[in-house]
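A, B, ... follow the sequence lines: proteins, then strands. Residue 1 opens every chain.
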Amino acid sequence: MSMEPRPRPPADEAQLLARATELAGRPVRTVAERFGLPTPNDLKAHKGWVGQLLEYALGASAGSRAEPDFPHLQVELKTVPVDSQAVPRESTYVCVCPLDGVTLAQGWEASWARRKLARVLFVPVVQRGDEPVGDRMVGAPVFWEPGPDDLRRLKQDWDEITGRISLGELARLDGSVGEVLQLRPKAANLTETTWVLDGDAEWVQTGPRGFYLRRSFTREILARAFG
DNA sequence: TGCTGATCATGA
DNA sequence: TCATGATCAGCA
């Protein structure tokens with residue numbers, strides 16, 4: 001068995017899609033072995049492992065910069081855990097949410113979330129039951145661009161959420177707000193805090209938040225692709 | 001079972 | 001330290 005070198009970034013979208021398609025149907029363990037990477041026994045201490053493996057295998061830039069995974073293609077890669085019916089098992093992280101009014105005032109079109117969601121390559125990873133991580137199967141990739149209705153719903157949720165933040169209502173904002181996009185805590189732990197203005201213009205401490213795509217929304221997206 | 005809130009590892 | 005990659009864990 002020969003070991004392959006780290007893939008270069010794909011030259012274009014077609015090559016990216018071709019690479020992802022070639023991985024489809026393979027257990028993630030064999031993808032890892034191809035590059036000589038170890039497969040963890042579980043993900044308790046390696047929650048992002050599958051996503052990072054696929055980034056590596058597809059030639060995404062390493063690391064965690066605030067850019068799309070394939071900057072030259074303006075494409076964001078998202079691995080999404082699904083069951084045997086291609087139904088997502090988890091929500092999908094989008095990006096951190098700025099909590100200052102100046103940034104939020106720039107609006108949806110200028111937002112980080114809007115740019116990240118402009119073009120997304122979803123790679124489903126099929127997990128049947130509680131099988132070992134390595135046995136999860138890479139699924140067929142889905143290129144997605146939000147359609148007019150998707151954009152309308154995303155913008156509506158973004159406006160609702162950021163509008164409340166601007167009014168100082170962050171403390172009363174929870175994950176139940178938003179039809180397709182939601183705001184949730186996003187931190188290493190509860191000790192991570194920043195200061196924001198509340199509704200009475202008082203400075204209060206709060207934890208960082210992130211935007212997530214609801215499971216029901218990514219479920220729709222995959223259903224459109226797979227029928 | 002689904003959802004929200006909490007948490008883990010890594011790289012720049 | 002912050003943003004990336006997400007999944008874990010507990011409760012309704």
Side-chain angles (χ1 to χ4, degrees), chain A residues 6 9 20 23 28 31-32 35 37-71 75-85 87-100 103 111-113 115-117 120-136 138-139 157 161 164 170-196 205-220:
Chain A
R6 176 173 195 135
L23 295 179
V28 295
V31 176
F35 302 106
L37 303 171
T39 301
N41 293 318
D42 63 69
L43 298 182
K44 283 186 172 61
H46 305 272
K47 297 185 180 182
W49 182 80
V50 178
Q52 290 171 346
L53 172 64
L54 271 293
E55 281 190 347
Y56 188 105
L58 295 174
S61 329
S64 59
R65 293 162 305 164
E67 287 186 283
D69 296 293
F70 303 96
V75 169
E76 176 73 13
L77 174 68
K78 290 295 179 194
T79 62
V80 49
V82 300
D83 66 16
S84 55
Q85 308 298 312
V87 175
R89 302 173 68 111
E90 295 282 354
S91 52
T92 300
Y93 172 69
V94 178
C95 61
V96 293
C97 175
L99 299 178
D100 66 284
T103 303
S111 73
W112 203 338
R115 280 173 289 166
K116 285 225 164 186
L117 295 176
V120 180
L121 181 66
F122 286 102
V123 178
V125 174
V126 184
Q127 177 189 0
R128 337 158 190 63
D130 58 358
E131 67 194 353
V133 174
D135 293 344
R136 298 184 190 179
V138 180
D157 291 343
I161 291 166
R164 294 205 198 182
L170 180 60
R172 290 188 295 287
L173 240 184
D174 64 23
S176 67
V177 176
E179 181 200 353
V180 296
L181 194 65
Q182 65 178 168
L183 192 72
R184 301 229 303 272
K186 171 62 173 171
N189 54 64
L190 283 176
T191 67
E192 202 174 310
T193 60
T194 53
W195 293 89
V196 297
Q205 248 179 329
T206 189
R209 312 301 166 95
F211 287 112
Y212 292 77
L213 296 180
R214 285 192 182 280
R215 217 163 62 93
S216 54
F217 187 50
T218 49
R219 176 178 183 161
E220 260 186 56

Self-check item: Minimum-distance nucleotide (side-chain atoms of A:Asp69 versus C:dT4, B:dT4, B:dA6)
Solution: C:dT4
Quiz item: Which nucleotide in the list B:dC3, B:dG5, C:dG5 gets nearest to the side chain of A:Tyr93?
Solution: C:dG5
Quiz item: Within the side chain of A:Lys78, is there an N or O that forms a donor-acceptor pair under 3.5 Å with the backbone of A:Tyr93?
Solution: yes
Quiz item: In whole angstroms, how far is the P atom of C:dT7 from the CZ atom of A:Arg215?
Solution: 12 Å
Exercise. Assign A:Arg89 to base, sugar-phosphate, or nothing according to its heavy-atom contacts below 4.0 angstrom with the strands shown.
Key: nothing
Quiz prompt | Any donor-acceptor N/O pair under 3.5 Å between B:dG5 base and A:Lys186 side chain | solution = no
Quiz prompt | Nearest-angstrom distance from the residue atom NZ of A:Lys47 to C1' of B:dG5 | solution = 11 Å
Quiz item: Closest nucleotide of DNA chain C for A:Thr194 versus for A:Leu43: which of these residues is on the 5' side?
Solution: A:Thr194
Practice problem: Going by the side-chain hydrogen bond (donor to acceptor under 3.5 Å, both in side chains) test, name the single residue among A:Arg214, A:Arg215, A:Arg184 that passes it with A:Ser91. | Solution: A:Arg184
Quiz item: What is the distance from CZ of A:Phe70 to P of C:dT4, rounded to the nearest Å?
Solution: 16 Å
Self-check item: Separation of atom CZ in A:Phe211 from atom P in B:dT4, rounded to whole Å
Solution: 15 Å
Self-check item: 4.5 Å side-chain heavy-atom contact, A:Pro88 and A:Val80
Solution: yes
Self-check item: A:Ser176 or A:Thr191, whichever maps to the more 5' nucleotide of DNA chain B
Solution: A:Ser176
Quiz item: Does the side chain of A:Lys78 get closer than 4.0 angstrom to OP1 or OP2 of C:dG5 through an N or O atom?
Solution: yes
Practice problem: Calculate the interatomic distance between A:Gln85 atom CD and B:dT1 atom P; express it in whole Å. | Solution: 14 Å
Self-check item: Interatomic distance, A:Tyr56 OH vs C:dG5 P [rounded to whole Å]
Solution: 18 Å
Quiz item: Can you find a donor-acceptor pair, distance only, under 3.5 Å between A:Lys44 side chain and C:dT7 base?
Solution: no
Quiz item: Hey, does A:Thr218 have a side-chain heavy atom less than 4.5 Å from the side chain of A:Phe122?
Solution: yes
Self-check item: Gap between atoms CG and P, on A:Asn189 and B:dG5 respectively (whole Å)
Solution: 17 Å
Quiz item: A:Gln127 near the nucleic acid: base, sugar-phosphate alone, or nothing, with a heavy-atom cut-off under 4.0 Å?
Solution: nothing
Quiz item: Is A:Ala188 touching bases, backbone alone, or none of the nucleic acid, heavy atoms closer than 4.0 Å?
Solution: base
Quiz item: To the side chain of A:Tyr212, which of B:dT4, C:dT4, C:dT7 is closest?
Solution: C:dT7
Quiz item: Checking all strands, does A:Glu192 fall into the base, sugar-phosphate, or nothing category for heavy-atom contacts under 4.0 angstrom?
Solution: nothing
Self-check item: Residue A:Asp174 excluded, over 12 heavy atoms near CG under 6.0 Å
Solution: yes
Practice problem: Kindly say whether A:Val180 contributes a backbone atom to a donor-acceptor pair with the side chain of A:Asp157 at under 3.5 angstrom? | Solution: yes
Exercise. Among the candidates C:dT4, C:dT7, B:dT7, find the nucleotide nearest to the side-chain atoms of A:Ala187.
Key: B:dT7
Quiz item: Taking OP1 and OP2 of B:dC3, is either one under 4.0 Å from a side-chain nitrogen or oxygen of A:Gln182?
Solution: no
Quiz item: With a non-hydrogen cut-off below 4.0 angstrom, is A:Pro81 in contact with a base, only sugar-phosphate, or nothing?
Solution: sugar-phosphate
Quiz item: When you measure from the side chain of A:Asp174, which nucleotide among B:dC8, B:dT4, C:dT4 comes out closest?
Solution: B:dT4
Quiz item: When all nucleic acid strands are considered with a 4.0 Å heavy-atom cut-off, which category describes A:Gly175: base, sugar-phosphate, or nothing?
Solution: sugar-phosphate
Quiz item: How long is the line joining CZ of A:Arg209 and P of B:dA6, in whole Å?
Solution: 9 Å
Quiz item: How about A:Thr92 and A:Tyr212: do any of their side-chain heavy atoms sit closer than 4.5 Å?
Solution: no
Quiz item: Is the shortest side-chain N/O distance from A:Arg214 to OP1 or OP2 of B:dC3 below 4.0 Å?
Solution: no
Practice problem: Using heavy atoms to find the nearest nucleotide of DNA chain C for A:Trp112 and A:Ser91 separately, return the residue whose nucleotide is more 5′. | Solution: A:Trp112
